[in-house]
Asker: 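First the structure, which I've put down as structure tokens, then a few questions once you've had a look.
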Amino acid sequence: MTTRERLLIGGRWVDADSGREFETRDPATGEVVGVVADAGTSDVDSAVSAAREAFADPAWRNMTPAERGRLLWRIADLIERDADALAELETRDQGQPLGVAKTVSLTMAADVFRYYAGWCTKIEGHTSAVSIPGTMHYTRREPIGVCALITPWNFPLMIAAWKLAPALACGNTVILKPAEQTPMTTVALARICVEAGVPPGVVNCLTGGPEAGAALSAHSGVDKVSFTGSTEVGRKIVVAASSNFKRVTLELGGKAPSVIARDADIDAAVAGNLQGALLNSGQVCAAYTRFFVDSKRVDEFAEKIGAAAAALPVGPGMSPETVIGPLTSPEHTAHVDRLVRSGIAEGAQLVTGGTRLQGDLSAGNFYSPTVFTGVTDEMTIAREEIFGPVLSILPYDDQDELAARANDTDYGLAACIWTKDLTTAHNLAASIHAGSVFVNMLPFLDPAAPWGGFGASGWGREMSSNAIDEFTETKGVWINLA
Ligand code: NAD
């Protein structure tokens with residue numbers, strides 16, 4: 001039986017005004033996972049009105065920080081209660097291996113709600129050391145208002161949770177807008193919020209595509225957009241949001257360099273880089289994609305990582321042995337394949353992969369883990385975000401040129417360094433332009449660590465105390481004591 005999902009507006013589940021719906025499909029099989037309402041501009045208007053009313057409603061406005069904290073904790077409890085079913089739904093809708101859905105998506109979604117449950121009672125202003133005689137000054141952190149939370153298709157539940165938890169902790173009201181390719185677990189999260197006792201209109205959920213996202217970004221009743229997705233759409237959101245000077249947080253694309261120094265433990269670097277590059281089939285904004293390998297170690301590294309990549313089991317995310325699941329959509333598979341063809345045409349050498357998988361897997365969007373060596377800085381595969389299972393090895397001779405080469409990109413989300421030498425690690429960590437640098441490790445995320453990018457990778461930071469700043473305004477209050 002196919003699940004049908006509706007829009008959540010003002011605490012009620014409703015059809016889209018137009019009656020339009022769309023299907024979401026399992027990327028491993030092409031089967032329909034759900035049919036969901038397709039929100040248009042009039043639904044956006046209704047959701048914004050509901051969120052504005054809820055923002056003014058004493059049921060939410062006067063809820064104490066301690067009560068809000070308990071509410072967020074309850075949401076985390078309910079995510080954990082439903083973890084198995086939600087993980088399965090994420091795998092069927094998005095494609096990620098079930099183990100990834102359980103240990104990354106579900107764990108992180110619950111953890112981030114618990115982390116921000118604790119923050120609710122710690123959002124404080126301060127007294128300021130002003131020098132005007134006979135006055136005092138203090139600051140208050142106040143919610144921004146109505147926030148549109150627009151998310152991508154790679155980690156739908158986890159990224160929705162990153163935004164929703166701090167937005168609610170700070171007392172905002174929200175409209176969730178999941179990606180059209182993967183709406184199912186975000187709708188389930190909205191349902192959990194209702195069950196947890198979030199007052200009507202505080203959390204609204206609009207399934208839909210670019211039309212709904214664009215209408216939210218331009219709407220005069222929206223005070224903030226928190227967006228994760230492509231740099232191209234991020235740019236459109238900045239333009240649309242300028243109409244009423246919305247606050248904007250952007251988590252955009254990446255092209256993370258991974259430096260493998262001459263002294264690196266190559267076996268550890270192969271294992272770590274393989275996971276760092278291929279988690280969720282490389283559909284990770286922080287995926288390691290440009291491997292700068294010391295030319296004395298490049299053959300050994302290419303051979304070992306090529307063999308390890310070729311041995312990874314590719315298959316449906318629901319199969320327990322699968323490490324590499326399908327890509328999210330046929331369109332995205334074609335995009336990955338186009339870039340792989342450009343690598344071959346521009347002269348990179350294929351170590352392994354480079355093909356769509358056929359046979360038993362032909363109904364899904366499966367692509368073989370692909371390793372190129374002999375890649376140069378100018379090649380398209382070294383410059384464009386591929387967002388798929390494609391690794392590019394670029395040899396280097398001079399360590400002094402590394403930072404400049406690693407920084408020769410518009411992006412600046414994440415970077416990785418493999419070395420046993422502390423001086424190399426600290427010097428490169430300081431000179432590479434990236435929001436997060438990982439030394440001898442995978443690109444881990446934690447609710448307590450800020451996440452975001454430099455340059456074309458975005459504006460602002462998610463998680464940690466940074467997200468509290470991003471979801472509040474600072475108000476200064478002056479008192480005449482004379
Ligand atoms: P996308 O930009 O195509 O879509 C993201 C969301 O924006 C979807 O919900 C979509 O419906 C909506 N949208 C589309 N057009 C819009 C418009 N004009 N106005 C407002 N909203 C609009 O991105 P995607 O293909 O779903 O996701 C992949 C991208 O996300 C990659 O570039 C990846 O690097 C990035 N990403 C970044 C991070 C990070 O933390 N920096 C995390 C995950 C993904």
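In each ligand, atom 1 is the first atom listed, and ligand 1 is the first ligand listed. Position 1 is the first residue of the sequence, and the numbers go up from there.
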Asker: Supply the atom-to-atom distance Ser49 OG to His219 NE2, rounded to the nearest 0.5 angstrom.
Answerer: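 Atom-to-atom, Ser49:OG and His219:NE2 are 6.5 Å apart.
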
Asker: Please set out all donor-acceptor pairs under 3.5 angstrom arising from side-chain atoms of residues 90-103, sequence neighbours excluded.
Answerer:
residue, atom, partner, partner atom, Å
Glu90, OE1, Thr185, OG1, 2.7
Glu90, OE2, Leu157, N, 2.9
Glu90, OE2, Thr185, OG1, 3.4
Thr91, OG1, Ala87, O, 3.2
Thr91, OG1, Gln96, O, 2.9
Asp93, OD1, Thr24, OG1, 2.4
Asp93, OD2, Met184, N, 3.1
Gln94, OE1, Gln96, N, 3.0
Gln94, OE1, Gln96, NE2, 3.1
Gln94, NE2, Trp153, O, 3.4
Gln94, NE2, Asn154, O, 3.2
Gln94, NE2, Thr328, OG1, 3.0
Gln96, OE1, Ser105, OG, 2.7
Thr103, OG1, Gly99, O, 2.7

Asker: Between Thr322 and Pro316, what is the shortest heavy-atom contact and its length?
Answerer: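 For Thr322 versus Pro316, the nearest heavy atoms are OG1-O, 2.8 Å.
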
Asker: Against the six-membered ring of Trp73, is Arg114 placed for a cation-pi contact (under 6.0 Å from the centre, within 45° of the normal)?
Answerer: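 Satisfied, under 6.0 Å and within 45°.
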
Asker: For ligand 1, would you mind listing the residues that have at least one heavy atom less than 4.0 Å away, ordered by chain and number?
Answerer: Ile150, Thr151, Pro152, Trp153, Asn154, Ile159, Lys177, Pro178, Ala179, Glu180, Gly209, Pro210, Gly213, Ala214, Ser217, Phe227, Thr228, Gly229, Ser230, Val233, Lys236, Ile237, Glu251, Leu252, Gly253, Cys285, Glu385, Phe387, Leu413, Trp451

Asker: Looking at Trp119, is Arg68 sitting on its ring face, NZ or CZ under 6.0 Å from the six-membered ring centre and within 45 degrees of the normal?
Answerer: no

Asker: Do we see a donor-acceptor contact under 3.5 Å between the side chains of Lys224 and Thr249?
Answerer: yes

